[in-house]
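Order of the sequence lines sets the chain letters (A, B, ...), proteins ahead of strands, with each chain counted from 1. Just so it is clear, the values below take in all heavy atoms, side chains as well, and ignore hydrogens, waters and symmetry mates.
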Amino acid sequence: MREEVLAVLQSVRKDVDFLTETKLVDDGILDSFDIISVVSELNEKFDVDITADELEPENFNTLDAITALVASLQ
Amino acid sequence: MSIISLTFIGFAAVLVCLYFLLPRKCQWGVLLAASMLFYLSSGWKSIVYILVTIGTQYFLALMLERQNDRMREEFAESEADGRRKKEIKKKYAKRKKKYVFFSVLINVGLLCFVKYTNFLIENINVLLREIQAPQLAALNILAPLGISFYTFRSVGYVIDVYRGKVKAEKNIGKLALYVSYFPAIVQGPIDRYADVAEQLYGGGHSFDYRRFTFGAQRMLWGYIKKLVIAERAAVIVNEVLGQYATKGYEGLTVFFGIALYSFQIYADFSGGMDIVCGLSEIFGISLTENFRRPFMAQSVAEFWQRWHITLGAWMRNYLFYPLSLSPAFNRLGKKCKKIFGDRWGRVIPTSLASFIVFVIVGVWHGAHWKFVVYGIYQAVFVSTGTLFEPFYEKMRAAFRMREDGLWQIFRILRTFFILTIGRYFSIAASTRDALGLLRATFRSFNPWVLLDGSLYTMGLNRKNFWLLLYAIVGLMIIDVLQERGIRIRSWIAERNLVFRWTIYYMALFGLFIFGMYGPGYDAASFIYQLF
């Protein structure tokens with residue numbers, strides 16, 4: 001699943017190294033537009049329902065956190 | 001009680017003494033009593049509004065917490081069955097939304113009633129005049145102090161309880177302190193409950209000399225920004241606005257006046273934030289920063305990430321995200337994807353949501369059509385920035401533009417220019433007036449006014465004028481240093497005693513000598529206080 005989440009992230013932002021970044025939201029690497037794009041793609045690809053309630057920095061700061069969020073909603 | 005009055009300084013001094021002399025468990029009680037006293041000093045009539053907010057939000061959050069507890073119990077019983085968990089979540093979301101609905105209805109309803117009733121009546125009267133029907137009388141509604149700010153704080157709190165991000169506060173006094181915390185009630189910041197609750201009434205703070213001096217320095221810097229820069233800039237800004245038609249100000253004179261307003265509002269608002277954040281720092285409470293060197297922004301979108309940060313964050317968390325992920329926007333995204341392809345399918349609904357949020361932010365500034373125009377103006381730049389990014393990238397490649405320092409400076413100046421044009425709408429009395437000012441700006445090209453002494457005849461003499469410009473340059477230098485990661489207060493603290501106290505005395509005397517005071521040493525109110 002991690003690889004698939006990574007593919008989604010890379011489709012939205014090609015210029016970011018998601019394997020090493022640990023503060024994607026806190027450092028402003030992903031802005032709110034990017035996050036909405038990522039969430040829409042993840043919802044569609046994994047058939048989950050990530051809502052505004054889950055859009056907290058701790059859920060989107062790293063690739064692993066995003067993967068864990070998707071896994072918890074499946 | 002204005003936070004730039006001597007009364008406030010005295011009030012704060014007594015409060016700091018009480019705060020650290022009384023037992024630590026009393027600290028939150030001292031702050032609550034001070035907040036209520038501060039609120040009552042602005043007029044006892046409007047206190048009903050804030051009490052309604054505290055009461056309703058307290059009750060609704062507790063109801064939400066009860067639903068959260070029941071949901072967790074059912075989760076535990078479902079034994080990790082994913083599908084069952086989804087069903088439970090859905091069931092409770094439906095119930096909990098009712099409480100959030102009432103929270104928004106009552107509190108945002110009150111805010112809208114206070115801010116927009118007369119605006120609505122004015123517009124209905126325009127229609128009634130057309131059909132020659134009798135006019136409606138405007139209502140005499142008193143806007144309670146800080147209603148925008150405490151409404152946003154409290155609604156955010158209820159939504160965070162709904163989301164399970166925070167637990168509902170069981171002590172109504174403690175919640176009352178969060179909602180009415182006096183330094184933040186005048187013009188923010190709009191802190192999230194999770195960020196400040198523990199600091200407000202978590203444990204208790206002991207006196208810390210370094211924190212005290214840092215807080216006092218920040219307050220002093222805030223007063224300098226407000227009284228030396230903002231109040232001085234206001235003289236020219238008011239002259240341009242009030243007299244441009246009668247005295248025939250045009251061209252660069254008008255543009256200079258409005259550009260100066262950009263610095264005035266920055267010094268005014270961020271100065272106010274420095275005062276309240278500095279005072280809170282003395283108490284051991286770290287409020288959320290509202291500014292991050294906004295004039296260093298290289299695009300309008302970036303400016304809004306650096307200006308009034310807590311309002312932007314509130315709008316993002318509680319409006320932009322829910323709107324963008326709503327079923328209607330999802331459907332729109334899918335349709336756009338089919339017609340225009342993947343990228344546009346992603347970007348169009350998000351840009352539309354952003355557009356709506358900016359219009360709402362515009363209207364939040366005040367009940368006037370000019371603020372609708374102001375919101376749309378900002379929204380256009382933010383949305384098109386994203387929509388046309390690939391086009392801009394191609395242009396940069398085609399013209400072989402390098403992203404070097406010069407290019408960045410150009411972008412900063414371009415952003416400042418775009419925002420200054422936007423300011424015409426936020427500061428003019430009406431949209432018509434703003435267009436009049438714009439016409440006056442562009443009908444003449446008169447760069448000589450910057451050199452021939454004309455600017456010295458607009459309320460500030462030569463000395464005061466140059467003092468203002470030097471002070472603005474100083475403000476920008478400090479911004480640049482902070483942008484480069486230099487912590488100025490820490491740097492001062494590391495110098496020797498003589499150097500440190502020379503700086504403190506210079507700042508203090510600078511404030512006394514160059515500050516512009518009104519009658520009774522009370523300066524005018526803050527611009528954002530009126531929003």
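- Close approach to chain B, defined as a heavy atom under 4.5 Å from one of its heavy atoms, is seen in A:S11, A:V12 of residues 4-29 of chain A, taken by number.
- When B:R192, B:K334, B:Q305 are compared by the number of non-hydrogen pairs under 4.5 Å with chain A, B:R192 comes out ahead.
- Taking chain B as the reference chain and counting heavy-atom pairs below 4.5 Å, the highest number among A:I36, A:D31, A:V39 is found for A:I36.
- Judged purely by distance below 3.5 Å, without hydrogens or angles, the side chains of B:T288 and B:D191 pair a donor atom with an acceptor atom.
- For B:K91, the NZ atom counts as densely surrounded, since its 6.0 Å shell holds more than 12 non-hydrogen atoms of other residues, nucleotides or ligands.
- For B:K337, the part lying near chain A is the side chain, with the backbone staying farther off; criterion is any non-hydrogen pair under 4.5 Å.
- Between the side chain of B:W314 and the backbone N or O of B:F152, at least one donor-acceptor pair lies under 3.5 Å.
- Scanning for side-chain contact (heavy atoms from CB on, under 4.5 Å) contacts around B:A194 gives B:K165, B:V166, with sequence neighbours left out.
- When heavy atoms are compared at a cutoff of 4.5 Å, A:L73 approaches chain B by way of both its backbone and its side chain.
- B:S326 does not touch chain A: none of its heavy atoms, backbone or side chain, sits under 4.5 Å away.
- When the options B:E87, B:K97, B:R72, B:E74 are evaluated for a side chain to side chain donor-acceptor pair (under 3.5 Å) with B:Y92, the one that passes is B:E74.
- A donor-acceptor contact closer than 3.5 angstrom is absent between the side chains of B:N68 and B:K167.
- Heavy atoms of B:Y162 lying under 4.5 Å from chain A belong exclusively to its side chain.
- Contacts of A:T51 with chain B are made by backbone atoms alone, with heavy-atom separations under 4.5 Å and no side-chain atom involved.
- The existence of a salt bridge linking B:R293 and B:D479 is excluded, since no basic side-chain nitrogen approaches an acidic carboxylate oxygen closer than 4.0 Å.
- Between B:E483 and B:R306 there is a salt bridge, since a side-chain N of the basic residue sits under 4.0 Å from a carboxylate O of the acidic one.
- Formation of a donor-acceptor pair under 3.5 Å by the B:N107 side chain with backbone atoms of B:T151 is not found in this model.
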